[in-house]
2 protein chains.
Amino acid sequence: MDVKTVCLGMLTDGPASGYDLKKQFESSFAHFFAAGYGSIYPALSSLSASGLVECEEVPQEGKPDRKVYEITDEGRQFLLKALENPSPCHKVRSEFLATMCFAHLMRPEDIQTVINNRLEDIARYQEMFRQFESEEMCDWPEGMKFVLGFGKAIAGTMQTYINENRHLLADEPSAKVATGQ
Amino acid sequence: MDVKTVCLGMLTDGPASGYDLKKQFESSFAHFFAAGYGSIYPALSSLSASGLVECEEVPQEGKPDRKVYEITDEGRQFLLKALENPSPCHKVRSEFLATMCFAHLMRPEDIQTVINNRLEDIARYQEMFRQFESEEMCDWPEGMKFVLGFGKAIAGTMQTYINENRHLLADEPSAKVATGQ
DNA sequence: ACTTTATATATCGAATTGATATTATGCATC
DNA sequence: GATGCATAATATCAATTCGATATATAAAGT
């Protein structure tokens, strides 16, 4: 399941441009599948070349033509086949955790900064989840609700874990001594 | 913080070969920063070319020479600079969640299979975390313990969330009707 | 006897990232 | 009335990373 396939999936919801898809990658998909223009536009070109989507160019004034893509029957078939993969993976690439692995090489104040920034990032996601819940979520398919709930649950756990364990990393010597005996 | 920098960090623990580092990427780092030979060997070559590590070739019988890399003072300085990034990112790329977004296009039995496989994967991680806790963890730096605890907490949340919400995706029609009235 | 696992390196095409470029409108702000 | 920023929209490119494959041997399990 690469960017191409996810774009194809998004297009089952109706025709859209690369720009439209990017907005979806930045909002509802952001917490588990981010993609930039450098992935999206080549993906759409390739899908178009394989006949899995069709492109209609809509002229506009002042702006570049809008290229609106629509999934074809062949594209739908291809997507269904792709969804049959019984073991889709779930990968994390965390520079944050990698940094924390080497916390013993860092200055305590820098550790604190990194942690605070991470907490802010998490808070931003939580705000987003809250917004989704209050607005548009009613007409989303169940799968989408499941995925959003998943993200929300993980964000909550990360927040709690970091708050409850940050002292392990940035222990003032006094605290260490006090706990030691 | 790319693969190069993480390799450099791992080498602060003592000299090691690419093969050794790969084992670490497969065990204690697997849940948040996986890397394959295709990334590790070029990373070590590049680090060597920049003088951030030094390479000693150790001849062996039957097997290729072991190339043991050791971090240099310049490498240590470079690592400390890299660790000063105040906002290291934390990214997820989940083909599992992407698949679940399109669950309404899938057959219920396929959804079940995907979920069961994901739960097995999580269980494998949990087994790994348990092993780490019982064995070697005592002499790890605090940062490493923090990171392992983080992974364990996330795995637990994923497991619970999936078990408590899988019915949303694979509702037999009967259950739906029963709940509906 | 056969197959898998472990030791060890290396490479290559394909996919992805992150940054940058282009062009135009509209909306604040100074 | 000018300057700058956000939004709309596409596109490209170098650098990085992924996943698979190749090579070679020994040990250990079936």
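Every chain is numbered from 1, with letters handed out A, B, ... down the list of sequences.
Contact between the side-chain N/O atoms of A:Lys4 and the OP1/OP2 oxygens of C:dT16 is not found at any separation under 4.0 Å.
Of the residues in residues 34-44 of chain B, those lying under 4.0 Å from DNA chain C by heavy-atom distance are B:Tyr37, B:Gly38, B:Tyr41. Contacts between residues 90-102 of chain B and DNA chain C, defined by a heavy-atom separation under 4.0 Å, are made by B:Lys91, B:Arg93. Annotation: proximity of residues 11-23 of chain A to DNA chain C (heavy atom, distance under 4.0 Å) is found for no residue.
Between B:His31 and B:Phe129, the ring planes lie perpendicular to each other; the angle is over 60°, past the 30° to 60° tilted range. The aromatic rings of A:Phe150 and B:Tyr161 stand perpendicular to each other, their planes meeting at an angle above 60°, with 30° marking the opposite boundary. Between A:His90 and B:Phe96, the two ring planes are perpendicular [angle over 60°; tilted spans 30° to 60°]. The aromatic rings of A:Phe33 and A:Phe25 lie tilted to each other, with the angle between the two planes from 30° to 60°.
Following chains of ILVMFWY side-chain contacts shorter than 4.5 Å, one cannot reach B:Tyr37 starting from B:Leu21, and the two form parts of different hydrophobic clusters.
Between the SG atom in A:Cys101 and the CG atom in B:Leu148 there is a gap of 8.0 Å [rounded to 0.5 Å]. The line from CE of B:Met158 to CD1 of B:Ile122 is 4.5 Å long, rounded to the nearest 0.5 Å.
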Donor-acceptor pairs are to be reported for all side-chain atoms of residues 44-55 of chain A against protein atoms at under 3.5 Å, with residues two or more places apart or in another chain.
unit_1	atom_1	unit_2	atom_2	d
A:Ser45	OG	A:Tyr41	O	3.1
A:Ser46	OG	A:Lys4	NZ	3.3
A:Ser50	OG	A:Ser46	O	2.7

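Note: CD (A:Glu56) to P (D:dT10) measures 13 Å, nearest angstrom. Counting to the nearest Å, the P atom of C:dA8 and the CG atom of B:Asp65 are 11 Å from each other. Remark: C1' of C:dT5 and CD of B:Glu26 are 12 Å apart, rounded to the nearest angstrom. The CZ atom of B:Arg66 sits 13 Å away from the C1' atom of C:dA6 (whole-angstrom rounding). Rounded to an integer number of Å, the gap from B:Met1 CE to C:dT17 C1' is 17 Å.
Applying the side chain to side chain donor-acceptor pair (under 3.5 Å) test between A:Glu26 and each of A:Lys22, A:Lys23, A:Gln24 identifies A:Lys22 as the sole match.
By the 4.0 Å N-to-carboxylate-O rule, B:Glu127 lies close enough to B:Arg130 to be salt-bridged with it.
Using a 3.5 Å distance cut-off with no hydrogens or angles, the side chains of B:Asp20 and B:Ser17 do pair a donor with an acceptor. A donor-acceptor contact closer than 3.5 angstrom links the side chains of A:Asp2 and A:Thr5.
Evaluation of the side-chain contact (heavy atoms from CB on, under 4.5 Å) rule for A:Pro108 yields no partner, not counting sequence neighbours.
Within the helix from C:dA1-D:dT30 to C:dC30-D:dG1, the inter-axis angle between the opening and closing five-pair segments is 40°, rounded to 10°.
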